[in-house]
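Notes follow the structure.
Residue numbers begin at 1 in each chain, while the letters A, B, ... track the order of the sequences. Quantities reported herein were computed from a predicted structural model and do not represent experimental measurements.
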Amino acid sequence: MKFWLLKSEPDVFGYPDLARVGVEHWNGVRNYQARNFLRQMEVGDLCLIYHSNARPPGVAGVGRVVKAAHPDNLEFDVSSPYFDARSRPGEPRWSMVDIAAVVALPNYLPLDTLRQRSELGGLRLLQKGTRLSVMPVGEAEFRCILKAGGLNDSYGSFA
DNA sequence: GCCAACGTTGGC
DNA sequence: GCCAACGTTGGC
């Protein structure tokens with residue numbers, strides 16, 4: 001099992017929205033590096049749902065991959081801002097995964113707090129110039145964040 | 001293939 | 001709203 005961090009703007013679609021709908025397409029990713037990470041995701045992988053452009057920005061909850069990468073539906077939708085005229089139905093350019101809500105962090109974890117934890121020094125999110133909306137997270141970092149967020153760090157209980 | 005111009009992200 | 005840091009585009 002692998003671990004990931006997914007950014008989302010809560011004004012658009014935050015963890016509470018995911019919790020309400022249960023499962024959602026994680027679409028609209030339009031960066032090749034992020035897309036390639038999406039394609040590495042497997043069913044069962046766990047994801048931290050991070051609120052960007054929020055006050056304060058931070059980790060809000062945990063989701064699970066319930067469907068591996070498949071063609072992003074919005075790239076073919078002319079009415080969507082994510083429409084991509086270069087995409088061909090037989091040769092889609094972008095990918096999405098389906099994410100299910102697992103649990104909200106009892107304690108929302110602001111970016112500031114993440115920075116203060118030396119165990120999280122390796123977290124890609126905290127590295128300068130990282131704007132990726134999809135990125136891998138190490139298991140130790142993942143557990144650390146669960147714990148700091150007020151959850152038991154044995155994520156096996158999510159199964 | 002270079003690189004300037006432009007667009008986007010996202011914290012502050 | 002500012003702006004640093006990146007990514008993308010497109011002329012050459």
Side-chain angles (χ1 to χ4, degrees), chain A residues 2-21 24-41 45-65 68-99 101-138 140-142 144-151:
Chain A
K2 297 189 292 296
F3 305 92
W4 308 93
L5 182 142
L6 300 173
K7 289 186 189 172
S8 187
E9 302 194 11
D11 288 350
V12 181
F13 189 84
Y15 185 81
D17 300 302
L18 182 61
R20 187 164 34 74
V21 298
E24 189 55 281
H25 293 322
W26 210 265
N27 49 19
V29 173
R30 293 294 178 269
N31 168 283
Y32 287 105
Q33 207 181 340
R35 181 203 69 179
N36 293 341
F37 283 135
L38 286 177
R39 291 180 175 180
Q40 291 173 32
M41 291 185 180
D45 286 358
L46 294 174
C47 305
L48 300 168
I49 307 299
Y50 175 86
H51 285 176
S52 61
N53 264 321
R55 287 210 298 270
V59 179
V62 180
R64 188 201 332 267
V65 178
H70 50 120
D72 183 313
N73 56 325
L74 297 180
E75 67 192 303
F76 303 118
D77 178 355
V78 286
S79 69
S80 166
Y82 297 107
F83 173 72
D84 190 334
R86 302 165 302 182
S87 296
R88 297 281 167 268
E91 224 177 311
R93 182 173 295 245
W94 304 110
S95 297
M96 65 182 178
V97 294
D98 291 1
I99 298 293
V102 173
V103 64
L105 289 195
N107 312 318
Y108 181 79
L109 265 187
L111 179 58
D112 243 15
T113 307
L114 299 178
R115 287 217 165 92
Q116 284 162 16
R117 298 202 154 243
S118 56
E119 313 96 287
L120 297 178
L123 206 61
R124 230 165 153 128
L125 177 76
L126 303 181
Q127 261 127 55
K128 193 177 166 186
T130 300
R131 300 183 313 180
L132 280 180
S133 60
V134 180
M135 65 185 91
V137 174
E141 287 81 8
F142 184 83
C144 173
I145 287 170
L146 290 192
K147 210 167 176 180
L151 291 172

Heavy atoms from C-beta onward define the side chain here; which of [options] lies closest to that of [X]?
{"X": "R131(A)", "options": "dG7(C), dG11(B), dT9(C)", "answer": "dG7(C)"}
{"X": "N53(A)", "options": "dG7(C), dG10(B), dT8(C)", "answer": "dG10(B)"}
{"X": "Y32(A)", "options": "dA5(C), dG11(B), dT8(C)", "answer": "dT8(C)"}
{"X": "P57(A)", "options": "dT8(B), dG11(B), dT8(C)", "answer": "dG11(B)"}
{"X": "R115(A)", "options": "dG7(C), dG10(B), dC12(B)", "answer": "dC12(B)"}

Can you tell me the distance, in whole Å, between the [atom1] atom of [X] and the [atom2] atom of [N]?
{"X": "D84(A)", "N": "dT9(C)", "atom1": "CG", "atom2": "P", "answer": "8 Å"}
{"X": "Q33(A)", "N": "dA5(C)", "atom1": "CD", "atom2": "C1'", "answer": "14 Å"}
{"X": "K128(A)", "N": "dG7(C)", "atom1": "NZ", "atom2": "C1'", "answer": "17 Å"}
{"X": "D112(A)", "N": "dG10(B)", "atom1": "CG", "atom2": "P", "answer": "17 Å"}
{"X": "L114(A)", "N": "dG11(B)", "atom1": "CG", "atom2": "P", "answer": "11 Å"}
{"X": "N31(A)", "N": "dT8(B)", "atom1": "CG", "atom2": "P", "answer": "13 Å"}
{"X": "W94(A)", "N": "dG7(C)", "atom1": "CH2", "atom2": "P", "answer": "13 Å"}
{"X": "H51(A)", "N": "dT9(B)", "atom1": "NE2", "atom2": "C1'", "answer": "17 Å"}

Where at least one partner belongs to residues 118-135 of chain A, residue pairs that pass salt bridge (charged side-chain N to carboxylate O under 4.0 Å, His left out), sequence neighbours excluded: R117(A)-E119(A)
Note, W4(A) side chain near Q40(A) side chain (heavy atom, < 4.5 Å): yes
Touch class at under 4.0 angstrom, heavy-atom based, for R86(A) against every strand present: sugar-phosphate
Can you check whether [X] has a side-chain N or O nearer than 4.0 Å to OP1 or OP2 of [N]?
{"X": "R30(A)", "N": "dG7(B)", "answer": "no"}
{"X": "Y82(A)", "N": "dT8(B)", "answer": "no"}
{"X": "K7(A)", "N": "dT9(B)", "answer": "no"}

Verdict with reasoning, N53(A) to D11(A), per side-chain hydrogen bond (donor to acceptor under 3.5 Å, both in side chains): CA-CA 8 Å; N53(A) 264 321; D11(A) 288 350; over 6 Å; no
Sequence-distant partners of E75(A), side-chain hydrogen bond (donor to acceptor under 3.5 Å, both in side chains), two or more places apart: S87(A)
Aromatic ring pairing Y108(A)/H51(A), orientation class (parallel under 30°, perpendicular over 60°, tilted between): tilted
